[in-house]
Amino acid sequence: MADFPRDAILVVLNTQTSGGLEKAAAGLLGAGAAIGTPVALVLAPPNGGDRLAKEAADLGAVRVLVADLSDTAVLGVQGVDALAAAADRVQPDAILISHSLDGRDLAGRYAARSRRAISADAVGVARDEQGVVAHHSVYGGAFNVTSAPTFGAPVVTVRQGAIDARATSQSLVSEALQVAWSEKPAARIDSFEEEATESSRPELRGAAKVVAGGRGLGSEEQFALVGQLADTLGAAVGASRAAVDAGYIPQSHQVGQTGVSVSPQLYVALGISGAIQHRAGMQTAKTIVAINKDGDSPIFDIADFGIVGDVFKVVPQLISALESRKK
Ligand code: FAD
């Protein structure tokens, strides 16, 4: 197969356990297309490659390399081996990986092994006259900074949901990637139990809309109001750490410095004061709506729309107004 484009951006695409590419795939390929020619590396479970390669091309990958990860019980090393082989083959200007748990693990290991620079948790990428640069939102969103490597092509992990750009769909050009497995030591999964999630709501990471509740909700029972508004909007449910610590909702819903970082189109904060540690995880949301009874709460400093009022009075009215619009 012919050489790869000189401005190739290698976009690493993991797969979901339920099948299909990870949700971040469209944004990663959109980011790749904005700064070069996106070439996808699909880390596929055995025999899943063809369908996933087509999905990557539909999302804008100009070329697709499929790495068949033969042993899914081995953690991490196979992905690093595959990425090393793909990077050698493609010689990209940058490598984009989702800032998910798996993505961070892969990016860190590969950057250390290949001695490449790493830019973590980017909310955007661009090119200047010297190469690819990454944009970051840091210190609780108080500063926007740009990082660039002093040598070589960077490995960039991209925050899920942060990229709006989408690439144009391409016709499929794919090849199976030949990987020399390193057999380096790795943790292995001996057994696992699948945890059934009963929620019909979107997953918090990467959700387009998030409704989050804080200590202002007052109790676990009253926190149900957050879920009601979330369901009306088709949103995921988030929470402040104070709400989690008070036992209103499990920690997996915590947004912020020590929780999940989100970049949704819409973030609705109910009874949340807007502490810097909370803002660190949601300040890059495109539109922020805050409802808080204290007009001096710092959440209003970053809100696009704010309502000073009691959530227990405002939110039921909001829900019925939204419901009546649906009719
Ligand atoms: P509060 O600050 O108590 O605010 C409650 C708000 O509800 C108030 O503004 C009040 O006016 C309003 N309110 C009360 N009743 C009503 C009502 N009926 N109607 C409307 N409004 C009402 N926090 C996070 O969220 N995420 C993190 O990841 C995180 N990591 C941290 C890491 C470290 C190292 C530290 C030190 C702290 C961290 N925190 C984090 C905690 C953070 O500092 C705040 O304590 C926390 O975010 C506060 O949560 P809150 O806004 O729900 O509670």
Side-chain angles (χ1 to χ4, degrees), residues 99-101 104 120-123 136-143 157 159-162 201-207 209-233 235-264 266-322:
H99 194 70
S100 61
L101 277 177
R104 277 178 272 171
D121 197 19
V123 294
H136 309 261
S137 169
V138 300
Y139 293 120
F143 296 94
T157 64
R159 187 180 294 184
Q160 296 161 90
R201 292 181 188 133
E203 205 191 315
L204 182 55
R205 283 175 204 276
K209 297 176 201 163
V210 175
V211 178
R215 193 178 352 232
L217 271 297
S219 70
E220 187 182 353
E221 293 69 35
Q222 294 183 155
F223 199 88
L225 190 62
V226 178
Q228 287 163 23
L229 180 57
D231 290 344
T232 309
L233 289 167
V237 170
S240 71
R241 175 157 153 188
V244 169
D245 288 350
Y248 303 168
I249 185 156
Q251 203 274 337
S252 54
H253 292 266
Q254 183 179 317
V255 172
Q257 184 183 320
T258 43
V260 175
S261 289
V262 294
S263 268
L266 173 68
Y267 190 89
V268 184
L270 306 177
I272 292 178
S273 59
I276 188 158
Q277 296 89 353
H278 186 77
R279 285 156 54 163
M282 46 68 73
Q283 190 149 337
T284 52
K286 310 297 177 298
T287 302
I288 298 171
V289 177
I291 304 174
N292 194 304
K293 67 180 183 186
D294 175 5
D296 292 328
S297 270
I299 192 76
F300 289 122
D301 296 343
I302 56 161
D304 299 286
F305 300 96
I307 299 173
V308 179
D310 185 333
V311 287
F312 301 109
K313 292 198 178 123
V314 177
V315 175
Q317 292 177 49
L318 185 55
I319 291 172
S320 69
L322 288 165

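Read the numbers this way: they start at 1 and go in the same order the structure lists the ligands and their atoms.
- Residues T284 and S263 approach most closely at OG1-OG, 2.5 Å, considering heavy atoms.
- Checked against side chain to side chain donor-acceptor pair (under 3.5 Å), R201 has the following partners two or more places apart in sequence or in another chain: D231.
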Side-chain donor-acceptor pairs under 3.5 Å in residues 209-226, sequence neighbours left out?
from	atom 1	to	atom 2	distance (Å)
K209	NZ	L233	O	3.0
S219	OG	Q222	N	3.1
Q222	NE2	L217	O	2.7

If you look only at distance, which donor and acceptor atoms sit under 3.5 Å apart when one is on a side chain in residues 304-313 and the other is two or more places apart or in another chain?
from	atom 1	to	atom 2	distance (Å)
D304	OD2	I288	N	2.6
D310	OD1	F312	N	2.8

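- The residues lining ligand 1, counting any heavy atom closer than 4.0 Å, are G214, R215, G216, S240, R241, A242, Q254, V255, G256, Q257, T258, G259, G271, I272, S273, A275, Q277, H278, N292, K293, D294, S297, G309, D310, V311, F312.
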- Task: In sequence, state the C-alpha distance, the side-chain angles, and the governing distance for S261 and Q160, and then conclude on side-chain contact (heavy atoms from CB on, under 4.5 Å).
- Result: CA-CA 8 Å; S261 289; Q160 296 161 90; over 6 Å; no
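- Pairing each heavy atom of Q251 with each of G259, the nearest pair is NE2-CA, 4.4 Å.
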